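Note on naming: letters A, B, ... go to the chains in the order of the sequence lines (proteins, then strands), and numbering restarts at 1 for each one. Since the model is a prediction, treat every value here as computed from it, not as a measurement.
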There are 2 protein chains.
Amino acid sequence: MMTDQTEKPGRKPRIRDAEATKARILEAAKKEFAKNGLGGARVDDIAEKAKANKRMIYHYFESKEGLFQTVLEEAYLDIRSAEQKLNLEDLDPTTALERLVRFTWEYYLRNPEFLTLVNSENLHRAKHLKKSEIVKSSSRKLVGMVSDILERGVKAGVFRHGIDPVQLNITIAAVGYYYLTNRFTGSIIYERDLMAKEALEERIRFNIETIMHLVAA
Amino acid sequence: MMTDQTEKPGRKPRIRDAEATKARILEAAKKEFAKNGLGGARVDDIAEKAKANKRMIYHYFESKEGLFQTVLEEAYLDIRSAEQKLNLEDLDPTTALERLVRFTWEYYLRNPEFLTLVNSENLHRAKHLKKSEIVKSSSRKLVGMVSDILERGVKAGVFRHGIDPVQLNITIAAVGYYYLTNRFTGSIIYERDLMAKEALEERIRFNIETIMHLVAA
DNA sequence: CGCTTAACGCACTAACTAGTTACTTCTTTA
DNA sequence: TAAAGAAGTAACTAGTTAGTGCGTTAAGCG
């Protein structure tokens, strides 16, 4: 059936912008996947919230899983690129390490979707991330950064010798990640509001202490 | 329609055992929820794997969410009860703390469903756990245990003063939990098999070091 | 032994869900 | 300016899914 739209003066002509539509879909998808997981997210809801047609999702991303993979990859690239911008190599080792711990904490705090996306990906045994070569190479840089800080610290006599940069990296992530991803069950188990302003401040202080005691000479 | 079963000599009469059926359903549900999350798990699959009829799930647990809540509650009670059996109050503070760190790690390692169930519950903002009074009270005992170890350690001059037992508790959980729940993405990011025997041994050693340095006087 | 109660099972439904078909409409460029 | 191709849409399909209605069967008890 044909509708003669020139007859209706009130209708707005659709503005076409592939990149903008793609970006809206990705943003909506990130929120939905983070809120409900890969299995719980609904393609129809994502389309609606992106103010796009569902068909466009399949046009740009092939499938729901293809969309998830893109969302996940972008999330990893975002945190890795933010880490690069810290310029830790220009700071003395102690300051650099503290800054990384603080950054990691604040990134998780401001981007809680990242935590949920990673959890979702682990539920699926990382089958989407496996395919992403660029995420691997950007992660290598992060390990290199921490490795460099450790070496400089040992040379300066402020850090102890023999710490594995990968283990340290994991631990820096762990002390923030666990607290924040489990903030709901944690608030019940420990009977305090883990997301209260003072609680958050106390936690980052504690985390910095933990890491500093761990590396101290 | 009526089937005269006395005519068929080969058929085995169903053995009726409400408790056993309930237990089989719970066991199957734990596995399914852990594998696929609350949203991804299928009630039909749970029924099949429990060798029970789907109708029984609704008979005993009212709904899929009711079943999830029971599974989750049992999981928490199991770890809390295992912690109680450690008898940490009979050990000197340093040994007691190391034992708790090791126990937590090994529990997570042997019961990976626990990690996934907790993740799933946090995706749902802990709405099921909120209702469970018994989980709260058993968690209070855990914090009390750590609190006691810390106090004894300070008195004995081996631990430093002023450490918050809740923060310590969270950190002990964190360093194991993060590593294991993110073992799939972690193995890609850090380009090593995090679940290899030596990797696991290295990690528990590192975690004990982390906690010991943190509390050391 | 017969009766009640609780365990159990089949077959169904109403709502949902990922993905598709078959179009229309806008934009660019030869 | 016309044609081609890309962006966008609505309605549909085939398969799933949580939850139920209702009948059957075993076990315990007076």
Rounded distance (Å) that lies between atom [atom2] of [N] and atom [atom1] of [X]:
X        : N       : atom1 : atom2 : result
Leu67(B) : dG19(D) : CG    : P     : 10 Å
Phe61(A) : dA18(C) : CZ    : C1'   : 16 Å
Asn36(B) : dA18(D) : CG    : P     : 11 Å
His59(B) : dA6(C)  : NE2   : P     : 8 Å
Asp17(B) : dT5(C)  : CG    : C1'   : 16 Å
Tyr58(A) : dT13(D) : OH    : C1'   : 13 Å
Glu62(A) : dA18(C) : CD    : C1'   : 14 Å
Phe68(A) : dT17(C) : CZ    : C1'   : 18 Å

| said: If you compare every side-chain N and O of Thr21(A) against the phosphate oxygens of dG8(D) (OP1, OP2), does one of them come in below 4.0 Å? | reply: yes
| Between dC16(C) and Arg42(A), is there an OP1 or OP2 to side-chain N/O distance shorter than 4.0 Å? | no
| said: Taking the six-membered ring for Trp, are Phe61(B) and Phe68(B) closer than 6.0 Å centroid to centroid? | reply: no
| message | Is a donor from one side chain sitting under 3.5 angstrom from an acceptor on the other, for Tyr177(B) and Asn119(B)? | response | yes
| task | Answer with yes or no whether the side chains of Asp78(A) and Tyr107(A) bring together a donor and an acceptor at under 3.5 Å. | result | yes
| With side chains defined as the heavy atoms from C-beta onward, is the minimum distance between Leu123(A) and Asn36(B) less than 4.5 Å? | no
| Closest approach of Ala28(A) to Ile46(A) (non-hydrogen atoms, all atoms of both residues) | CB-O, 3.7 Å
| said: For DNA chain C, which residues of residues 44-57 of chain B approach it to below 4.0 angstrom with any heavy atom? | reply: Asn53(B), Arg55(B), Met56(B)
| Among dA7(D), dG19(D), dA18(C), which is the nearest nucleotide to the side chain of Val43(A)? | dA18(C)
| said: Within the 4.0 Å heavy-atom criterion, would you say Tyr60(A) contacts the bases, only the backbone, or no part of the nucleic acid? | reply: sugar-phosphate
| said: Looking at Arg183(A), is its backbone amide N or carbonyl O close enough to the side chain of Ser187(A) to form a donor-acceptor pair, meaning the two atoms are under 3.5 Å apart? | reply: yes
| message | Please determine whether a side-chain nitrogen of the Lys or Arg among Glu32(A) and Lys49(A) lies less than 4.0 Å from a carboxylate oxygen of the Asp or Glu. | response | yes
